[in-house]
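Report on one structure; see the data block that follows.
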Protein chains: 2
Amino acid sequence: MKLVEIYQCLCDETRLRILNLLLQGPLCVCHFQEVLREPQVKISKHLGYLKARGMVKGSREGNWMIYALPNGRARSRELVANLACLQECVAENALFKRDLARLARLDLACAPAAVVRGTGKACCC
Amino acid sequence: MKLVEIYQCLCDETRLRILNLLLQGPLCVCHFQEVLREPQVKISKHLGYLKARGMVKGSREGNWMIYALPNGRARSRELVANLACLQECVAENALFKRDLARLARLDLACAPAAVVRGTGKACCC
DNA sequence: GATTCATATTCCTTGGAAGGAATGTTACCG
DNA sequence: CGGTAACATTCCTTCCAAGGAATATGAATC
């Protein structure tokens, strides 16, 4: 992944919001939809864009697709630096903070449901 | 300048090369041309793009246009963080290092000429 | 096996960015 | 004041990205 490709991934607001959520951990598409409140096709296409460039990886978990950032060892210096920078930059931004708050509420509602279902998974409820 | 606008400025290789040079200090258009070896119109348009978004400022110096990053106080947290990140990211990149080397050679050739002309300016010779 | 849920893909339109050729503008210089 | 040097802008074409509607795929469930 070239440096300019990293920036291309970062130059759309929806993608920034997606990555902001992924900095908290893996997430399935339906949760992106709930938190971002954007149409399914929009979310899905941006995830496809990021995946095609190696910025995220996706794995199927039964009926759901879980997306995550590449794991630590697979992250280039440039990617690590830019993800850290992104996290610092969004820290005081209202939109991104609201997204994180919604994500936290979702996790709270989600985890018990997962326990009930006996999956132990926070996703997908 | 919104965060996403910063990334939009960064998502083109020519603009990255321009900003890499500007991290060393102000520069005139003709020097961008010499270092980057790209056509005048290309340089000029990318500088216009950056200027329109507040990423650089331009000032006329006689016959020349000098471009520079906004000065310290005018830089937002996001901009400071991303410029630092950019500088770190390009530090080991061959293309960007070559540009800096060319810039250094240009300054060496340029400064004496400026002295001879009695301007004391490194730009434009 | 038909249905349903979650997600992806296709097809379309629209807009914006990139690049080059040509031309315009501004300042300096004789 | 005509010319020239340094940049900017316009006009054009090409390409890619974004978004939505509709449709397809793949897994689970009955």
Side-chain angles (χ1 to χ4, degrees), chain A residues 2 4-18 26-53 55-68 106 110 113-114 117-119 121-125, chain B residues 2 4-18 26-53 55-68 106 110 113-114 117-119 121-125:
Chain A
K2 288 183 60 184
V4 67
E5 291 178 314
I6 294 179
Y7 287 126
Q8 283 163 358
C9 288
L10 297 175
C11 72
D12 176 274
E13 184 165 272
T14 303
R15 288 198 291 269
L16 284 183
R17 294 175 73 195
I18 288 175
L27 212 59
C28 71
V29 179
C30 56
H31 283 182
F32 283 117
Q33 287 177 235
E34 284 201 46
V35 172
L36 304 186
R37 304 199 180 158
E38 297 282 358
Q40 181 256 330
V41 57
K42 186 170 173 177
I43 303 280
S44 183
K45 281 208 271 193
H46 280 298
L47 285 168
Y49 182 103
L50 293 171
K51 187 178 171 191
R53 284 155 184 80
M55 182 63 109
V56 305
K57 56 190 173 64
S59 58
R60 183 171 280 278
E61 191 85 24
N63 221 328
W64 302 283
M65 282 294 297
I66 315 290
Y67 284 90
L106 205 57
C110 215
R117 290 195 341 265
T119 65
K121 291 184 173 301
C123 179
C124 195
C125 56
Chain B
K2 290 182 58 183
V4 67
E5 291 177 316
I6 293 178
Y7 287 126
Q8 282 164 358
C9 287
L10 298 175
C11 71
D12 176 273
E13 183 166 273
T14 303
R15 289 198 291 270
L16 285 182
R17 295 174 73 195
I18 287 176
L27 212 58
C28 70
V29 179
C30 56
H31 283 180
F32 284 116
Q33 287 179 237
E34 283 202 48
V35 171
L36 305 185
R37 306 201 179 157
E38 295 283 356
Q40 180 257 328
V41 58
K42 186 170 175 180
I43 303 280
S44 183
K45 282 208 270 192
H46 280 297
L47 284 169
Y49 183 104
L50 293 171
K51 187 179 171 189
R53 285 155 183 81
M55 183 62 109
V56 304
K57 57 189 173 63
S59 59
R60 182 172 281 280
E61 191 87 23
N63 221 327
W64 302 284
M65 283 293 299
I66 314 291
Y67 283 90
L106 206 55
C110 216
R117 286 192 347 263
T119 66
K121 292 180 169 306
C123 179
C124 198
C125 53

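Note that these values count all heavy atoms, side chains included, but never hydrogens, waters or copies made by symmetry. So that the names make sense, note that chain A is the first sequence line, chain B the second, and so on, each numbered from 1.
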Exercise. Within this structure, what is the CZ-to-C1' distance between B/Arg37 and C/dG19, rounded to whole angstrom?
Worked result: 21 Å

For this session: Please state how far atom CD in B/Glu34 lies from atom C1' in D/dA6, giving the value in whole angstrom units.
Result: 13 Å

Problem set entry | Distance (rounded to the nearest 0.5 Å) between A/Thr14 OG1 and A/Lys45 NZ | 12.0 Å

Exercise. Sequence neighbours excluded, which residues qualify as salt bridge (Lys or Arg N to Asp or Glu O under 4.0 Å) partners of A/Lys42?
Worked result: A/Glu38

Exercise. Atom CD1 in B/Ile18, atom CZ in B/Phe32: separation rounded to 0.5 Å?
Worked result: 5.5 Å

For this session: Send over the distance from B/Glu38 CD to C/dA18 P, rounded to a whole Å.
Result: 13 Å

For this session: Identify, with sequence neighbours excluded, every residue that meets side chain to side chain contact (heavy atoms under 4.5 Å, CB included) alongside B/Glu13.
Result: A/Lys2, B/Arg17, B/Leu95

Exercise. When the distance from CG of A/Leu50 to P of D/dA17 is rounded to whole Å, what number comes out?
Worked result: 12 Å

Problem set entry | Between CD1 on residue B/Ile66 and NE2 on residue B/His31, distance to nearest 0.5 Å | 8.5 Å

For this session: Measure the distance from CH2 on B/Trp64 to C1' on D/dA5 and round it to the nearest whole Å.
Result: 9 Å

For this session: For the residue pair B/Leu16 and A/Tyr7, establish whether any side-chain heavy-atom pair is separated by less than 4.5 Å.
Result: yes

Exercise. Just by protein heavy atoms under 4.0 Å, how would nucleotides 21-30 of chain C read 5' to 3' in B, S and -?
Worked result: B-----SS--

Exercise. A/Ile43 has an atom CD1; how far is it from atom C1' of C/dA6, in whole Å?
Worked result: 14 Å

Seminar exercise, completed: The side chain to side chain contact (heavy atoms under 4.5 Å, CB included) partners of B/Arg53 (sequence neighbours excluded) come to B/Met1, B/Cys9, B/Tyr49

Exercise. Could you give the NZ-to-P distance, from B/Lys42 to C/dA17, as a whole number of Å?
Worked result: 16 Å

Problem set entry | B/Tyr67 vs D/dA8: side-chain N/O to OP1/OP2 distance below 4.0 Å | yes

Problem set entry | Presence of A/His46 side-chain N/O under 4.0 Å of D/dG19 phosphate oxygens OP1/OP2 | yes

Problem set entry | Test item: B/Leu10 and B/Arg15 side chains (from C-beta on) under 4.5 Å apart, heavy atoms | no

Problem set entry | Contacting residues from residues 7-15 of chain A, given that a heavy atom lies under 4.0 angstrom of DNA chain D | A/Asp12, A/Arg15

Problem set entry | A/Pro39, nearest nucleotide to its side chain (from D/dG20, C/dG19, D/dA8) | D/dG20

Exercise. If you check every side-chain atom of B/Tyr49, which of D/dT9, C/dA18, C/dG19 has the closest atom?
Worked result: C/dA18

For this session: Please state how far atom CG in B/Leu47 lies from atom P in C/dG19, giving the value in whole angstrom units.
Result: 13 Å

For this session: Supply the atom-to-atom distance A/Cys28 SG to A/Met65 CE, rounded to the nearest 0.5 angstrom.
Result: 10.5 Å

